[in-house]
Participant: 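Take a look at the following structure, please.
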Amino acid sequence: MVVGAGMYVFGVQKVAPWIFSIGAFTFAALQMQQRYDGKNPVIRRLRRIMLMADVCFMLSAVFMVENGYNFLLPTFCKSGIDGYNAYLLYIHNNWVVLLLIAAILELYSTHRISNELEKEAKKP
């Protein structure tokens, strides 16, 4: 994911979305395979937050591909100038916002899960 995002930022907009997408979907798939079978409600909540971050990573990949190739732009433009403005508002470069949200959620939940697992291990 980092290589794809870096390539996109530094000007390789045709290949980078696909590299980022492969990384994002692989990362999300690996995290979704991890399980927590304990009964700690805090860790269960943090796992749900982590899954939301995975969804944001995948949406970020989809938005990056759209931003690089503009597949939906003709559909938006058919409705006139308001359609183009809507495209700019809702699609164009919003992959960065989704990536930031996902990264913050991922960092928070990873840090908190490790702390909660340490607490659980210390209990007799």
Side-chain angles (χ1 to χ4, degrees):
M1 284 191 305
V2 173
V3 170
M7 286 174 64
Y8 193 90
V9 169
F10 290 113
V12 188
Q13 276 101 11
K14 295 301 177 190
V15 177
W18 302 113
I19 293 172
F20 182 82
S21 296
I22 290 169
F25 282 94
T26 304
F27 180 75
L30 289 174
Q31 276 201 335
M32 287 178 188
Q33 288 179 355
Q34 295 175 350
R35 299 188 59 90
Y36 174 70
D37 294 325
K39 298 195 187 288
N40 189 337
V42 175
I43 296 177
R44 288 184 177 276
R45 177 184 55 88
L46 290 167
R47 283 287 301 145
R48 285 192 298 272
I49 291 172
M50 194 177 275
L51 292 177
M52 287 299 299
D54 291 338
V55 170
C56 286
F57 278 131
M58 292 186 290
L59 284 174
S60 178
V62 170
F63 274 42
M64 184 189 278
V65 169
E66 173 56 35
N67 201 48
Y69 290 92
N70 299 323
F71 294 127
L72 296 177
L73 183 59
T75 305
F76 275 85
C77 287
K78 284 180 184 175
S79 62
I81 191 73
D82 291 337
Y84 183 73
N85 288 337
Y87 180 83
L88 290 179
L89 180 66
Y90 297 119
I91 305 288
H92 189 68
N93 286 337
N94 282 341
W95 66 270
V96 178
V97 175
L98 285 168
L99 181 61
L100 179 64
I101 291 168
I104 290 170
L105 289 175
E106 190 71 34
L107 283 172
Y108 170 74
S109 60
T110 303
H111 175 71
R112 288 281 310 185
I113 285 174
S114 67
N115 285 345
E116 288 296 321
L117 288 174
E118 285 177 13
K119 284 182 193 177
E120 227 176 56
K122 289 180 183 177
K123 286 184 181 179

Participant: Could you measure the distance from the CE atom of M58 to the CE atom of M32? Nearest 0.5 Å is fine.
Facilitator: 3.5 Å

Participant: With a 4.5 Å cut-off on side-chain heavy-atom distances among I, L, V, M, F, W and Y, is there a chain of contacts connecting Y84 to I91?
Facilitator: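 Yes, it is one cluster - the side chains of Y84 and I91 are joined through contacts under 4.5 Å.
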
Participant: CG/L30 to CZ/F25 distance, rounded to the nearest 0.5 angstrom?
Facilitator: 13.5 Å

Participant: Does V97 form a side-chain contact (heavy atoms from CB on, under 4.5 Å) with F63? I'd like the steps, not just the answer.
Facilitator: CA-CA 10 Å; V97 175; F63 274 42; over 6 Å; no

Participant: Enumerate donor-acceptor pairs with a distance under 3.5 Å from any side-chain N or O in residues 37-44 to protein atoms, sequence neighbours excluded.
Facilitator:
| residue | atom | partner | partner atom | Å |
| --- | --- | --- | --- | --- |
| N40 | OD1 | V42 | N | 2.9 |
| N40 | ND2 | E120 | OE2 | 3.3 |
| R44 | NE | G38 | O | 3.3 |
| R44 | NH2 | G38 | O | 2.7 |

Participant: Should L99 and F20 count as side-chain neighbours, where that means a heavy-atom distance under 4.5 Å?
Facilitator: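 Yes, their side chains come closer than 4.5 Å.
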
Participant: Would a single hydrophobic cluster contain both V96 and F27, if residues Ile, Leu, Val, Met, Phe, Trp and Tyr are joined by side-chain heavy-atom contacts under 4.5 Å?
Facilitator: yes

Participant: For A53 and A102, which heavy atoms make the closest approach, and how far apart are they?
Facilitator: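 In this case the closest contact between A53 and A102 is O-CB, 3.5 Å.
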
Participant: Can you tell me how far apart OH (Y87) and CD (E66) are? Round to the nearest 0.5 Å.
Facilitator: 3.5 Å

Participant: Report yes or no: do L73 and L88 belong to one cluster of Ile/Leu/Val/Met/Phe/Trp/Tyr joined by side chain heavy-atom distances under 4.5 Å?
Facilitator: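 In one cluster with L73: L88, yes.
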
Participant: So if you build clusters from Ile, Leu, Val, Met, Phe, Trp, Tyr with side-chain heavy-atom gaps below 4.5 Å, do L98 and M50 land together?
Facilitator: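 No, separate clusters.
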
Participant: Not counting sequence neighbours, list each pair that qualifies as a side-chain hydrogen bond (donor to acceptor under 3.5 Å, both in side chains) and has a residue in residues 94-109.
Facilitator: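 Found Q31-E106.
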
Participant: Could you give me the CA-CA distance, side-chain angles and deciding distance for L117 and Y36, then say whether side-chain contact (heavy atoms from CB on, under 4.5 Å) is met?
Facilitator: CA-CA 11 Å; L117 288 174; Y36 174 70; 4.3 Å; yes

Participant: Which donor-acceptor pairs under 3.5 Å do side chains of residues 1-17 form with protein atoms, sequence neighbours excluded?
Facilitator:
| residue | atom | partner | partner atom | Å |
| --- | --- | --- | --- | --- |
| Y8 | OH | N67 | ND2 | 2.7 |
| Q13 | NE2 | Y8 | O | 3.0 |
| K14 | NZ | G68 | O | 2.8 |

Participant: Taking it one step at a time, do N85 and F76 satisfy side-chain contact (heavy atoms from CB on, under 4.5 Å)?
Facilitator: CA-CA 9 Å; N85 288 337; F76 275 85; over 6 Å; no

Participant: Is it the case that one hydrophobic cluster holds both L59 and L51, taking links as side-chain heavy atoms less than 4.5 Å apart, direct or via other members?
Facilitator: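 Shared cluster, yes.
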
Participant: Using the rule side-chain hydrogen bond (donor to acceptor under 3.5 Å, both in side chains), only one of K119, H111, R112 pairs with N115; which is it?
Facilitator: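 With N115 as partner, K119, H111, R112 yield a single side-chain hydrogen bond (donor to acceptor under 3.5 Å, both in side chains), made by H111.
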
